[in-house]
Amino acid sequence: MFASARFKLTAWYLLMIMLVSAFFSVVIYANVDRELVRLERIQEESRIRAEDYFGYAPPARVTTIIEESLIDEARQNLLWDLAILNACIFLIAGWAGYFLAGRTLNPIRNVLDMQARFLGDASHELKTPLTSLRAEIEIFLRANKKSIPSTVKILKSNLEEVVRLQKLTDSIMELSMLEKIGTSIPFETIELTEIVKKAIDNVSKLSMSKNIRINSKIGKARIEGHKKSLIELFTILLDNAIKYSNKGSKVALHSKNKQDFFDITVSDNGTGIDKVDLAHIFERFYRADKSRSAKSGYGLGLSIAKEIVDLHKGTISVKSTDKGSAFTVTLPKKL
Ligand code: ADP
């Protein structure tokens, strides 16, 4: 598909350039031809004047500045030069057009590739829980004896799968929403401490279940941003910090006030992230936890976090050792 689109685009580039080139060639030829005609006319007039003056036709070499055959030859040469020039322009423009068409189409190809990969990954992630849901229900319906405890067990397991599926579809929708709103997102001035407090509230159930204390040292600061998305951003980072930490460990939040930016760091004493995984954790559906255990999600959390940070023209970075990880978000004070 892209090869034929590239050829078509090249053909269009070439057509435009050749039209311009042909137009200028015609203009050049017409101008030169006009001058040559003028020269022929001047020669003819001077011949007539000389004939009148002498009373007889003087030899041609007296009145001729340039011979007629040379003028015709000049015309022929000009035509050839213009034809060669146009052929060169055709070849160079064809090569340059093909190169430029490739460069023009590359970003579109990358976006389409990314979308196709995203669609493939999303369908794969949807297929696994749906298959297990279907199998469980089918086995349950085929069983002769259906006691209440076994029914409750099946329903509980089904509910778990449904909740996971719902989380996945919520994440996919959130990602597509963030992509769609792009720069049209409404920003307001917000207090950072308020955002962090809301994010801590969102993960309090999980932190309590693992007996993890969140130590927050966020200084008072006002930034411009989208409140709901920023709460989501810190909820994702805190949720990960708790998920990938052992019971009873600590998670810390602290901020640094720079001239035009604020650094907010979420650190934990958890499992840490392998060096090989560090470069990929912000990619969609990437999970460093290859066993895909229950605690890991779908690998969309950090992609959403990155999208939110990008939306606020900030950066997100991570440092990790086997003693824990620290995610630092840098947000501009004013957009
Ligand atoms: P998930 O939903 O699987 O947590 P994320 O996109 O949030 O997906 O994270 C991607 C991967 O990065 C996770 O699978 C996990 O292995 C790793 N990761 C993220 N945060 C942490 C952390 N604080 N400590 C250790 N590993 C982490």
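Atoms within a ligand are numbered from 1 in the order they appear, just like the ligands themselves. Just the heavy atoms: all of them, side chains too, but no hydrogens, waters or symmetry mates, feed the values below. For the single chain, residues carry numbers from 1 onward in sequence order.
- Less than 4.0 angstrom separates some heavy atom of Tyr286 from each of these atoms of ligand 1: 10 (C), 11 (C).
- Each of the following atoms of ligand 1 lies closer than 4.0 Å to a heavy atom of Leu300: 6 (O), 8 (O).
- Counting heavy atoms from C-beta on, the side chains of Thr10 and Phe99 never come closer than 4.5 Å.
- Taking every heavy atom of Tyr298 and a limit of under 4.0 angstrom, the matching atoms of ligand 1 come to 2 (O).
- Remark: ligand 1 atoms within the under-4.0 Å shell around heavy atoms of Arg287 are 3 (O), 14 (O).
- In terms of polar-atom proximity, defined here as any N/O pair under 3.5 Å, Asp268 does make such a contact with ligand 1.
- The pair Glu35-Arg75 does not count as a salt bridge, with every side-chain nitrogen at least 4.0 angstrom from each carboxylate oxygen.
- Annotation: side chain of Leu168 is in contact with side chain of Leu300 (closest heavy-atom distance under 4.5 Å).
- Taking only nitrogen or oxygen atoms, main chain and side chain alike, Gly301 reaches within less than 3.5 Å of ligand 1.
- Taking only nitrogen or oxygen atoms, main chain and side chain alike, Leu302 reaches within less than 3.5 Å of ligand 1.
- Close approach of ligand 1 to Lys243 is summarised as follows: ligand atoms under 4.0 Å from at least one heavy atom of the residue are 1 (P), 2 (O), 4 (O).
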### Query
What do the steps show when you test Asp113 against Arg109 for salt bridge (charged side-chain N to carboxylate O under 4.0 Å, His left out), and what is the final call?
CA-CA 6 Å; Asp113 282 352; Arg109 187 210 299 250; 5.4 Å; no
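- Near Ile281, meaning under 4.0 Å from any of its heavy atoms, are these atoms of ligand 1: 10 (C), 12 (O).
- Comment: Lys198 engages Glu194 in a salt bridge, judged by a side-chain N to carboxylate O separation of less than 4.0 angstrom.
- With contacts defined as side-chain heavy-atom distances shorter than 4.5 Å, the pair Asp263/Val329 does not qualify.
- Heavy-atom contacts of Gly272 reach the following atoms of ligand 1: 25 (C) (cutoff under 4.0 Å).
- With a 4.0 Å cut-off on non-hydrogen atoms, Ser325 touches ligand 1 through its side chain and not its backbone.
- Every N/O-N/O distance between Thr271 and ligand 1 stays at or above 3.5 Å.
- A cation-pi arrangement is absent between Arg117 and Phe285 under the rule of less than 6.0 angstrom and at most 45 degrees off the ring axis.
- In the hydrophobic cluster analysis, where Ile, Leu, Val, Met, Phe, Trp and Tyr join through side-chain heavy atoms closer than 4.5 angstrom, Leu130 is grouped together with Ile172.
- Close N/O approach between Ile236 and ligand 1 is not found [any backbone or side-chain N/O within under 3.5 Å].
- The shortest heavy-atom distance from Phe327 to ligand 1 is under 4.0 Å.
- A donor-acceptor pair shorter than 3.5 Å can be found between the side chains of Arg34 and Asn31.
- Taking a cut-off of under 4.0 Å to the non-hydrogen atoms of Gly299, the atoms of ligand 1 that pass are 1 (P), 2 (O), 3 (O), 6 (O), 8 (O).
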